[in-house]
Amino acid sequence: MHHGGDIDPRMEALLKDLTGTQREAVLQTEGPLLVLAAAGSGKTRVITRRIAYLIHCGVPPWQILALTFTNKAAGEMRERVYSMLGGHSEENRATRGLTITTFHALCARLLRRYAVPAGLKPDFTIYDTDDQSAVCKKAIEACQLSSSNFPPRSVLAAISKAKNELLDAEGYAAQAREWNSKNIARVFKEYTRLMRHANAVDFDDLLVLTARALKDNADVRAECQSRWRYLLVDEYQDTNHAQFVIASLIAGGTSLPARDQLPQPPDSPPPEPEPSAPRGPNFCVVGDPDQSIYGWRGADISNILEFEDHYPGCRTITLGENFRSTAPILALADTLIRHNKRRKHKPLFTSRTGGDKPQAVLCREEGHEGLLVADWLKARHEHGVAWRDMAIFYRTNALSRVMEEAMRSAAIPYTIARGTAFYDREEVRNAVAYLRSVANPADDISLSRIVNTPSRGIGKTSLDALEVHASREETTLLEALRDASSVATLGPRAAPAVAKFVAMLDSWTGGGSFMGALVPGTLTDLVDRIVRESGLRDMYVKQAKTSGSESDAERVDNLDELVSSAHQFELEYDPTADAALNPPPGAHPDLVIETPPLLALLRAFLESIALVADADAVDPAQGSVTLMTLHAAKGLEFDSVAMIGLEEGMLPHARAVEGLGGDGDLEEERRLCFVGITRAMRRLLITSAKYRTHRGIPNRTMPSRFLAELPEQSLAISDQSGDFDDFEGGTSLPTRVPGVPSGLSLPTRVPGTPFQVGTLVRHPQFGLGEITAITPGSHARATVKFKDLGTKTLVLEYARLTVVR
DNA sequence: GTTGCCAAGTTTTTT
DNA sequence: ACTTGGCAAC
């Protein structure tokens, strides 16, 4: 970069309040750069300043590509960069053409542009998990396999795993050895055939097909490489092989670094660096190997661990200073993560002093654990910490239930961060299926979903006949519908119903051309008309009237909300900013495709729906404690954090432990634990229960090995589980987290009943037992240790318990 | 075409 | 224990 003379004041503003290493990471604009950003080290700040700095140095914004994994991350990054550069608008030269997006969104756009070389039609539909499993079921059926031997879920998992490794159906078949994988290979082939036939892709295909296009098509590669001169990838530790290939190929070169060049003849010299790029491409990756927790989804931690080998000219900058947590919390995290072997060690330090030692408590069972956590949170609240600044983390969603109950009976406001996405609701999915059928006439899955929703006299029998016809004629379902008169097996009542349905679709699309006087003029019109004229809206209105239930009324609201989100999308849609529709100067003319504007808009809308999970669902709640999985916690921070369920089989999860020497997965579990710890700013509580009821069966547990890895000097462990094994003992235990002053203690009786801890009771089925714990509230529960059958937790209302003594 | 019952499967889930 | 999906009967 060329900057002589005076320091520009705006540049100065960009660099101020950055630490030395942060500043280096911003200033090192050229060549490959690995930024190892520890938790809480100001990573986002560095990335956004870096982008702003590049632009400030005169790099045209359209030459910059920043890739993230989530829409949320991309949105935040975009917003911060825009605000640094004077806002975003079409006129703002400073940001025009800048691409900050997710891998999947980038791929979707590239594939629209390069549909033909990628073997697709540009109006392809993106199938979500539900659609995928519908297709998978069909494929399993077509292969004449039983879905009980080949559950779609696990078949899809196998297919996805293969795709992450860039293995296609043929490649998978070639390496399949045993009966099981050979059959999966058959399903894989059929699945792929059905997907292409429906002109549909799944999430993995977005990556796979893009990677393949970049690999195999020199024009595509050249165009991307010449457009994007500065590439930045966030959370690089989470990239899978396909993403690695995409990023590497966009970054530069015609072949891939390291891995894909192997095996090499042992005597061949290392490839010469390209003369135009003495140090390598301007490829900056940011991440933290210690926070790689998506290996099970195909993320390959080697990508970041081996980045320096892939790019020998690479510079590495480590951001180790933590601005989030107190020293004792950091020390704890550091002690834990040092037990991992496969990592790059980096110092974790803070210049802050003071802070409380994290606490661990061994509890009796989950009810006890819930009470302890509730008391702890209450104590924190009394110390002036707002509810919204506290969180409870757990390994699996199943653990949330007990915590919910504990929060409810302690009257602590809470919200559970699990995305029940807007677009997953049945009514919205139905409306979207209409839109997809309109946008992609080959989308048989969507069409079959709506052909009789609401009922219009085209039942299962008719649909089957049409599907058979379609596959015999090797056409789409829609073509079969158009051809209904020649389908002999179709009933006399069904035929006119089908014709009417086809006429309705045509009235929205102008017969597919999206032209004509009767075709809706705007996307909002289109969505609104479809929702109404399809009868979908009326169907839910009617349902709401008859059932009177609130959830049915909500469905109508959701449909209306879909219309307004279409409106919103239309207002914000900026075709000039669409990388796919607007190739840079010099783009290969064969690769440019004309599209009717309304169809382009509809496609873009559908794409945003497919690629945008529920945006607001993950937002930290206002005014309430957040309950979430450890995975969901990544990237967030809270003043006070409670991590529960640190037991063998739970946090390291049983699935990660079982395989012989499956140490790789165990390290991921440890990283998960590390992620949890490093979310805490000031206070951390870790709990482990001696007994945990799982699927209705109480099990004795063992404390997590991770607890054993944390010495007393960095973690205050207190055993409150008492002599729980002892039938006589068990009742007079300390029930507080040490240092939590309030006299809150375990309830020992349920008001208004004879039941209290210690009561001997008889159950009609389970026989004689003793109450060992009580949870009061509207559905009061008692934990009863039965003489013969072990411990069970019963709802007093329903369990027919009689008092013996 | 709709409702209701039984059976099966339950780690995590950025897109 | 609990949800969900497939199938059978009305």
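Quick note: numbers below take in every heavy atom, side chains included, and nothing from hydrogens, waters or symmetry partners. Naming convention: chains lettered A, B, ... in sequence-line order (proteins, then strands); numbering from 1 in each chain.
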Could you state the [atom1]-[atom2] distance from [X] to [N], rounded to the nearest angstrom?
| X | N | atom1 | atom2 | value |
| --- | --- | --- | --- | --- |
| Glu668(A) | dT13(B) | CD | P | 13 Å |
| Tyr394(A) | dT12(B) | OH | C1' | 12 Å |
| Arg655(A) | dT13(B) | CZ | P | 14 Å |
| Arg401(A) | dT11(B) | CZ | P | 16 Å |
| Leu67(A) | dT14(B) | CG | P | 19 Å |
| Leu399(A) | dC2(C) | CG | C1' | 15 Å |
| His631(A) | dT14(B) | NE2 | C1' | 11 Å |
| Asp202(A) | dT13(B) | CG | P | 20 Å |

For [N], does OP1 or OP2 lie under 4.0 Å from any side-chain N or O of [X]?
| X | N | answer |
| --- | --- | --- |
| Thr129(A) | dT15(B) | no |
| Lys137(A) | dG5(C) | no |
| Asn397(A) | dT13(B) | yes |
| Asn452(A) | dG1(B) | yes |
| Thr693(A) | dA1(C) | no |

Remember a base hit wins even if backbone is also touched, and classify [X] as base, sugar-phosphate or nothing at under 4.0 Å, heavy atoms.
| X | value |
| --- | --- |
| Asp204(A) | nothing |
| Thr68(A) | nothing |
| Asp128(A) | nothing |
| Tyr294(A) | base |
| Lys460(A) | sugar-phosphate |

Would you say His653(A) stacks on dT11(B), if stacking means ring centres under 5.5 Å apart and planes within less than 30 degrees? yes

Trp296(A) over dT12(B), stacked by centroid distance under 5.5 Å, angle under 30°: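 Here the ring of Trp296(A) and the base of dT12(B) are stacked, with centres under 5.5 Å and planes under 30°.
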
Just checking Trp296(A) against His631(A), ring centres under 6.0 Å apart? yes

For Ser455(A) and for Arg695(A), locate the closest nucleotide of DNA chain B by heavy-atom distance; then report the residue assigned to the nucleotide nearer the 5' terminus.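 First, find each residue's nearest nucleotide; the 5'-ward one identifies Ser455(A).
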
Can you figure out which of [options] approaches the side chain of [X] most closely?
| X | options | result |
| --- | --- | --- |
| Asp238(A) | dT15(B), dT13(B), dT14(B) | dT14(B) |
| Asn71(A) | dT15(B), dT12(B), dT11(B) | dT15(B) |
| Phe69(A) | dT12(B), dT15(B), dT14(B) | dT14(B) |

Measuring only the P atom in each nucleotide, how far is dT13(B) from dT4(C)? A whole number of Å is fine. 15 Å

Regarding [X] and [Y], is there a side-chain donor-to-acceptor distance under 3.5 Å anywhere?
| X | Y | answer |
| --- | --- | --- |
| Asn699(A) | Arg692(A) | no |
| Arg297(A) | Asn240(A) | no |
| Glu647(A) | Tyr691(A) | no |
| Glu366(A) | Thr693(A) | yes |

Taking the side chain as every heavy atom from C-beta outward, state whether Phe501(A) and Val451(A) have any atom pair closer than 4.5 Å.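 A side-chain contact exists here, since the closest heavy-atom pair is under 4.5 Å.
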
Among residues at least two apart in sequence or on other chains, which ones pass side-chain contact (heavy atoms from CB on, under 4.5 Å) with Thr239(A)?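 Applying side-chain contact (heavy atoms from CB on, under 4.5 Å) to Thr239(A) gives Phe69(A), Phe103(A), Val233(A), Tyr236(A), Gln243(A), Asn303(A).
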
Is there a donor N/O on one and an acceptor N/O on the other, under 3.5 Å, for the side chain of Arg297(A) and the base of dT11(B)?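 Under the 3.5 Å cut-off, the side chain and the base do not form any donor-acceptor pair.
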
Would you kindly check whether a donor in the side chain of Arg395(A) faces an acceptor in the base of dT12(B), or vice versa, at under 3.5 angstrom? yes

